Amino acid sequence: MTTQPDNAMTGTRLADQVNYDPNNLLDALIEKLNLKNDAALSRALEVAPPVISKIRHRRLPVGASLLIRMHEVSDLSIKELRTLMGDRRDKFRISDKQFKPKETGITEEA
């Protein structure tokens with residue numbers, strides 16, 4: 001049996017998300033910043049060119065720090081940036097599982 005890696009945010013793979021379109025986000029940033037290509041965008045965002053390529057090919061999600069950097073260089077709000085990439089949620093909620101400590105099986109004795 002083969003298992004597929006889950007996206008921690010939604011429980012589905014990035015490539016399977018119908019509304020997720022990183023190309024729309026990247027193309028909008030290139031247009032907004034009057035850039036020529038992905039290489040120029042990577043320089044503007046101060047990330048390595050393979051990062052942009054991996055996002056464009058849906059092998060890497062747009063992380064929080066990159067989303068903030070996009071906001072800083074474009075003056076687009078985080079909500080506008082999320083809408084451009086197809087994230088239509090009103091609020092982003094993190095799973096409760098991410099905040100629970102791992103059980104080790106060790107108990108303290110008094």
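Index from 1, following the sequence. These numbers come from a predicted model, not from an experiment.
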Are the charged groups of Arg43 and Asp38 less than 4.0 angstrom apart, N to O?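 Looking at Arg43 and Asp38, the cut-off is not met.
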Begin with the C-alpha distance, continue with both residues' side-chain angles, and end with the deciding distance and a verdict on side chain to side chain contact (heavy atoms under 4.5 Å, CB included) for Arg56 and Asp27. CA-CA 10 Å; Arg56 198 171 279 285; Asp27 293 341; 3.1 Å; yes
Can you confirm whether [X] sits close enough to [Y] that some side-chain heavy atom of one is under 4.5 Å from a side-chain heavy atom of the other?
X	Y	answer
Leu84	Leu26	no
Met85	Asn23	no
Leu76	His71	no
Leu45	Ile52	yes
Asp21	Arg58	yes
Leu81	Val62	no

Would you name the heavy atoms of Ala44 and Val73 that are closest together and state the gap between them?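 Of all heavy-atom pairs spanning Ala44 and Val73, the closest is O-CG1, 3.6 Å.
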Ser74 to Leu29 - nearest heavy-atom pair and separation: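 Heavy-atom minimum between the residues: CB-CD2, 3.7 Å.
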Measure the NZ-CG distance between Lys32 and Asp75 for me, rounded to the nearest 0.5 Å.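 The CG atom of Asp75 is 6.5 Å from NZ of Lys32, to the nearest 0.5 Å.
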Does Ser53 use its side chain to pair, donor to acceptor, with the backbone of Pro50 at less than 3.5 Å?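 Side chain of Ser53 to backbone of Pro50, a donor-acceptor pair under 3.5 Å: no, none is there.
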Distance alone, cut at 3.5 Å: any donor-acceptor contact between the side chains of Ser77 and Glu80?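 Yes, Glu80 and Ser77 have a side-chain donor paired with an acceptor closer than 3.5 Å.
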Test side chain to side chain contact (heavy atoms under 4.5 Å, CB included) on Val47 and Leu41 and set out the steps. CA-CA 9 Å; Val47 297; Leu41 180 61; over 6 Å; no
